[in-house]
Visitor: 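Quick one: this structure, given as structure tokens, is what I'll be asking you about.
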Amino acid sequence: MKAAFFQTAPVFGDIKKNVERVSDLVSSRTADLIVLPELFNTGYQFISKAEVRELSEEVPKGYTTQRLAEISAEKSVYIAAGVAERDGDSLYNSAILTGPEGFIGVYRKTHLFYEEKLWFTPGDTGFSVWKTGIGAIGLMICFDWFFPESARTLALKGAEIIAHPSNLVLPYCPDAMITRCLENRVFAVTANRTGHEERGGKERLTFIGTSQITSCRGKVLLRASAAREEFGEAEVDLNEARDKNLNTFNNLFEDRREAFYKS
Ligand code: ACM
């Protein structure tokens, strides 16, 4: 199957425009799974909770989820995308998964980064894996990569590929994903955004681009440029992620010594 990222530079606050660009792009592509950045529909640098609330949407009732579900069904493609989610009084930095069958599920970011802590409630969904027509897809969001438990939990729950919507500003993640994939034998698609934001007198944020598709053997199959919007895709065989044997003596999961991992 073909896995892809769409590295975009969202226009802050213009949800319709950001979503419709995806719609245009998807119509001309044949990937089976397309991963979009974290908060791809809103932009990232909020300046107040009221602003987040205004740009957030209910999942799956809201415009973005409905529209992505529609595109997924029309084009028979799975889409993973970051959105600002509103649930009652709580706001979450979330990622949704849609497919030919419509809305599949939502993940709420577990490890909030920097000022996200001012706006969002820490996620309460835990890490989920969905068995789909193209394979077992797990979701994590950006800074979750810094906590190896995120990818490990997804892999232990059966993920064969991790869809990883991101808004990276630190430089380490693309290289770190090589290890995350190697140690768990999972594929990953890190879809980062590019461009800058500097809103409300706050510091200028430069997003690092370099979206990446990483194989379950730790090979970088594709890495995007830092500063351009880019669509990138790679052929992946998810069967490879099901076999956790490293050699005839070692199995990545069976060799774990959980008794010694407690602090
Ligand atoms: C991040 O989690 N957006 C760095």
Side-chain angles (χ1 to χ4, degrees), residues 5-13 15 18 35-49 51-52 55-57 59 64 80-86 90-97 106-128 138-154 162-181 188-200 202-212 214 223-227 229-230:
F5 57 73
F6 185 22
Q7 173 170 298
T8 61
V11 179
F12 189 93
I15 292 178
N18 295 326
V35 185
L36 304 173
E38 177 183 16
L39 297 166
F40 91 98
N41 61 339
T42 59
Y44 185 76
Q45 195 177 36
F46 299 103
I47 55 175
S48 71
K49 203 156 180 169
E51 189 177 63
V52 188
L55 292 170
S56 63
E57 302 177 26
V59 174
T64 301
V83 299
E85 182 192 358
R86 183 176 63 248
S90 299
L91 302 168
Y92 298 97
N93 182 344
S94 295
I96 55 166
L97 180 65
V106 63
Y107 161 69
R108 294 170 171 168
K109 187 174 185 178
T110 305
H111 306 99
L112 298 175
F113 179 71
Y114 198 52
E115 288 190 337
E116 291 170 30
K117 291 194 173 197
L118 300 176
W119 325 127
F120 296 109
T121 300
D124 57 358
T125 52
F127 295 96
S128 295
L139 289 175
M140 66 182 198
I141 301 176
C142 203
F143 190 52
D144 281 331
W145 77 265
F146 225 112
F147 302 83
E149 296 87 348
S150 310
R152 176 65 102 199
T153 304
L154 287 170
I162 295 176
H164 183 205
S166 297
N167 272 194
L168 297 160
V169 289
L170 302 176
Y172 318 111
C173 176
D175 286 344
M177 286 310 291
I178 295 171
T179 306
R180 293 288 99 80
C181 289
V189 180
T190 299
N192 191 27
R193 64 159 291 176
T194 186
H196 306 275
E197 282 183 7
E198 188 172 3
R199 304 190 61 251
K202 288 177 182 280
E203 76 227 77
R204 182 176 172 88
L205 295 180
T206 301
F207 300 96
I208 68 162
T210 58
S211 294
Q212 181 168 295
T214 316
R223 188 178 278 183
S225 69
E229 292 196 300
E230 267 178 59

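Order of listing sets the numbers, starting from 1, for every ligand and every atom in it.
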Visitor: List of N/O pairs, ligand 1 versus protein, all under 3.5 Å?
Guide:
residue: ligand 1; atom: 2 (O); partner: Lys109; partner atom: NZ; Å: 2.6
residue: ligand 1; atom: 2 (O); partner: Phe143; partner atom: N; Å: 3.0
residue: ligand 1; atom: 3 (N); partner: Glu38; partner atom: OE1; Å: 2.9
residue: ligand 1; atom: 3 (N); partner: Tyr44; partner atom: OH; Å: 3.4
residue: ligand 1; atom: 3 (N); partner: Glu116; partner atom: OE2; Å: 3.2
residue: ligand 1; atom: 3 (N); partner: Asn167; partner atom: O; Å: 3.3

Visitor: Students often mix this up, so state it plainly: with edges at 30° and 60°, are the rings of Phe120 and Phe46 parallel, tilted or perpendicular?
Guide: perpendicular
Visitor: Nearest 0.5 angstrom please: Phe127 CZ to Ile141 CD1, how far?
Guide: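 So the CZ of Phe127 and the CD1 of Ile141 are separated by 9.0 Å.
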Visitor: Is it the case that the side chain of Glu38 and the backbone of Cys142 share a donor-acceptor pair, with hydrogens and angles ignored and the cut-off at 3.5 Å?
Guide: no
Visitor: Can you list the residues that meet the salt bridge (Lys or Arg N to Asp or Glu O under 4.0 Å) rule with Glu149, with sequence neighbours excluded?
Guide: none
Visitor: Residues two or more places apart in sequence or in another chain: which of them pass salt bridge (Lys or Arg N to Asp or Glu O under 4.0 Å) with Arg180?
Guide: Glu183
Visitor: Holding to salt bridge (Lys or Arg N to Asp or Glu O under 4.0 Å), I want the full list of residues that pass it with Arg86, two or more places apart in sequence or in another chain.
Guide: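 Result, salt bridge (Lys or Arg N to Asp or Glu O under 4.0 Å) vs Arg86: none returned.
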